[in-house]
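Remarks on the structure that follows.
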Amino acid sequence: MNIVVLDGYGLNPGDLSWEGFREFGALKVYDRTSPDQVLERSAGAGILLTNKTLLTGDILKSLPDLKYAGVLATGYNVIDTVAARDLGIVVTNIPAYSTNSVAQMTFALILELCLHVQKHSDSVMEGKWAASLDFTYRDYPLTELFSKTIGIIGLGNIGSKVADTATVFGMNIIASGRTQSDQSHRKNFRWTGLPELFEQSDFVSIHCPLTLETEGLVNADNLRRMKETAFLINTSRGPIVVDKDLSEALNEGLIAGAGLDVLTNEPPSHDNPLFKAKNCIITPHIAWATIEARTRLMEIAVKNVEAFFSGKPVNVVN
């Protein structure tokens with residue numbers, strides 16, 4: 001069976017191996033595939049693997065040999081799962097491979113906003129400490145996490161890991177989610193509604209999936225609910241935040257800062273308003289991309305294909 005990887009570079013820029021898939025068929029890996037190349041490259045494939053390359057219903061209908069479409073990520077909105085189901089195409093995703101890495105990035109952003117480590121280091125390297133009259137100086141305010149409240153939107157695998165980490169720092173935790181699981185083991189925790197979460201949190205951290213209900217959730221109205229001293233963190237999906245509204249909130253001083261690993265459009269346009277926003281840290285969607293997380297992703301992807309060939313597919317999303 002022919003196996004085609006449409007956009008493998010994000011997962012494997014050269015430090016991992018695709019060899020695990022060769023056991024199941026002839027393998028062809030493309031670093032990137034543009035929309036007008038999808039049909040040509042997918043023709044004759046029984047298995048397609050994609051990360052961000054779209055597989056629409058029309059594309060799926062044009063691929064009669066296709067039996068399996070695997071998403072090399074957790075989110076699977078890049079594939080028309082309804083059309084795939086109707087066509088008898090199995091669609092799988094990769095769950096829970098990056099939980100620890102994304103939680104780690106969440107706190108990397110939080111700590112940078114609280115301590116301004118890079119900015120202070122830059123000032124030292126520029127000679128400011130060597131020229132100082134005192135043993136210390138602080139160019140930016142320093143904030144302690146102990147006793148602060150973190151509001152977590154979405155308490156799934158990653159949100160729960162963020163809550164675990166927040167507990168270590170002595171933070172109070174409030175959370176909002178579609179389902180309210182038992183959190184009785186947390187003495188510093190309570191469930192709350194979204195309005196209260198925005199109003200009471202010192203840090204609002206987003207960990208919910210992108211759905212019709214969550215798209216644009218962090219908008220001007222909810223940003224106005226936040227404290228002027230509060231920070232917004234997004235390591236989930238870019239469209240959950242309205243970029244223009246957040247930029248205005250930061251520039252007007254409605255909130256203190258933001259740490260973002262995702263944006264609405266990726267890659268973003270050069271004129272994204274957040275590039276000129278005050279106290280806004282942006283990283284290029286790398287929270288998931290540690291070598292450890294990508295290795296797990298690759299291993300799970302191979303096991304997904306193996307399970308499909310055994311007749312007992314796992315991690316099926318349609």
Side-chain angles (χ1 to χ4, degrees), residues 99-126 128-129 132 134-155 158-176 186 188-189 192 196-207 218 222-236 238 240-241 246-247 249-263 274-288 290:
T99 299
N100 293 320
S101 293
V102 177
Q104 179 176 302
M105 173 60 86
T106 298
F107 273 89
L109 293 170
I110 289 173
L111 291 169
E112 183 63 27
L113 287 165
C114 288
L115 300 173
H116 305 281
V117 173
Q118 187 63 58
K119 291 178 180 178
H120 280 109
S121 176
D122 289 346
S123 74
V124 170
M125 299 305 180
E126 291 165 0
K128 184 167 184 176
W129 198 10
S132 176
D134 302 300
F135 77 97
T136 183
Y137 64 90
R138 295 166 298 282
D139 279 349
Y140 304 92
L142 307 178
T143 301
E144 184 177 83
L145 293 182
F146 182 79
S147 82
K148 298 297 190 299
T149 297
I150 183 169
I152 301 174
I153 301 177
L155 203 70
I158 296 173
S160 294
K161 181 62 69 171
V162 169
D164 294 342
T165 308
T167 299
V168 174
F169 280 104
M171 302 179 76
N172 300 310
I173 302 165
I174 57 178
S176 174
R186 303 185 193 277
N188 56 338
F189 177 93
T192 186
E196 184 180 1
L197 185 145
F198 281 106
E199 291 165 2
Q200 297 193 2
S201 297
D202 298 299
F203 300 86
V204 172
S205 193
I206 303 169
H207 301 287
V218 182
N222 281 326
L223 287 164
R224 276 192 285 268
R225 298 178 189 272
M226 293 175 64
K227 302 176 183 179
E228 292 183 1
T229 55
F231 300 91
L232 176 75
I233 309 295
N234 188 11
T235 56
S236 181
I240 295 172
V241 176
L246 175 57
S247 176
L250 290 165
N251 290 332
E252 294 171 12
L254 299 182
I255 65 172
L260 312 172
D261 186 54
V262 289
L263 292 175
L274 287 166
F275 292 165
K276 296 183 178 180
K278 295 179 181 177
N279 203 21
C280 184
I281 299 170
I282 304 174
T283 51
H285 203 147
I286 56 173
W288 68 281
T290 62

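Computed from heavy atoms alone, side chains included, the values below leave out hydrogens, waters and symmetry copies.
Contacts of Ser101 classified as side-chain hydrogen bond (donor to acceptor under 3.5 Å, both in side chains), with partners at least two apart in sequence or in another chain: Thr290. Every residue two or more places apart in sequence or in another chain was checked for a side-chain hydrogen bond (donor to acceptor under 3.5 Å, both in side chains) with His120, and none qualifies. Among residues two or more places apart in sequence or in another chain, the side-chain hydrogen bond (donor to acceptor under 3.5 Å, both in side chains) test is passed with Thr192 by Glu196. Among residues two or more places apart in sequence or in another chain, the side-chain contact (heavy atoms from CB on, under 4.5 Å) test is passed with Leu250 by Leu246, Ile255, Ala258, Leu274, Ala277, Cys280. For Phe198, the ring pair (Phe, Tyr, Trp, His ring centres under 6.0 Å) criterion is met by no residue, not counting sequence neighbours. In terms of the salt bridge (charged side-chain N to carboxylate O under 4.0 Å, His left out) criterion, Asp134 has no residue partners (sequence neighbours excluded). Lys278 meets the side-chain contact (heavy atoms from CB on, under 4.5 Å) test with Asn251; sequence neighbours excluded. By the side-chain contact (heavy atoms from CB on, under 4.5 Å) test, Lys119 is found to be paired with His116, Tyr140, Asn279, residues two or more places apart in sequence or in another chain being considered. Residues meeting the salt bridge (charged side-chain N to carboxylate O under 4.0 Å, His left out) test with Glu199, sequence neighbours left out: Arg225. Take Ile281 and apply the side-chain contact (heavy atoms from CB on, under 4.5 Å) test, not counting sequence neighbours, and it matches Leu109, Glu112, Leu113.
Between Ile206 and Asn234, the shortest heavy-atom distance links the atoms CB-OD1, 3.7 Å. Contact detail for Ser201 and Leu197: the closest heavy-atom pair is OG-O, 2.6 Å.
Atom CD1 in Ile152 sits 7.5 Å away from atom CZ in Phe189 (nearest 0.5 Å). How far CG of Asn100 is from CE of Met105: 14.0 Å, rounded to the nearest 0.5 Å. Here the CG-OG distance, from Leu155 to Ser160, works out to 4.0 Å after rounding to the nearest 0.5 Å. Leu254 CG to Met226 CE: the interatomic distance, rounded to the nearest 0.5 Å, is 10.0 Å. Here Thr143 contributes atom OG1 and Lys148 contributes atom NZ; the two are 6.5 Å apart, rounded to the nearest 0.5 Å. Between the CZ atom in Phe107 and the SG atom in Cys114 there is a gap of 9.5 Å [rounded to 0.5 Å].
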Could you go through residues 162-173 and list every donor-acceptor pair under 3.5 Å that involves a side-chain atom there, pairing it with any protein atom two or more places apart or in another chain?
unit_1	atom_1	unit_2	atom_2	d
Asp164	OD1	Arg186	NH1	2.8
Asp164	OD1	Arg186	NH2	3.1
Thr165	OG1	Lys161	O	3.0
Thr167	OG1	Ala163	O	2.9
Thr167	OG1	Asn188	ND2	3.3
Asn172	ND2	Ser147	O	3.2

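Between Ile110 and Ile150 the shortest side-chain heavy-atom distance falls below 4.5 Å.
For residues 252-263, every residue pair satisfying the side-chain hydrogen bond (donor to acceptor under 3.5 Å, both in side chains) rule, not counting sequence neighbours, is listed here: Asp261-Thr283.
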Inset, instruction - Given side-chain hydrogen bond (donor to acceptor under 3.5 Å, both in side chains), test Gln118 with Asp122 step by step and report yes or no. - result: CA-CA 6 Å; Gln118 187 63 58; Asp122 289 346; 2.8 Å; yes
Inset, instruction - Applying side-chain contact (heavy atoms from CB on, under 4.5 Å), run through Phe275 and Leu263 and close with a yes or a no. - result: CA-CA 11 Å; Phe275 292 165; Leu263 292 175; 4.1 Å; yes
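Ser121 places no side-chain N or O within donor-acceptor distance of the main-chain N or O of Val117, the cut-off being under 3.5 Å. Using modelled atom types, one side-chain atom of Trp129 and one backbone atom of Phe135 make a donor-acceptor pair closer than 3.5 Å.
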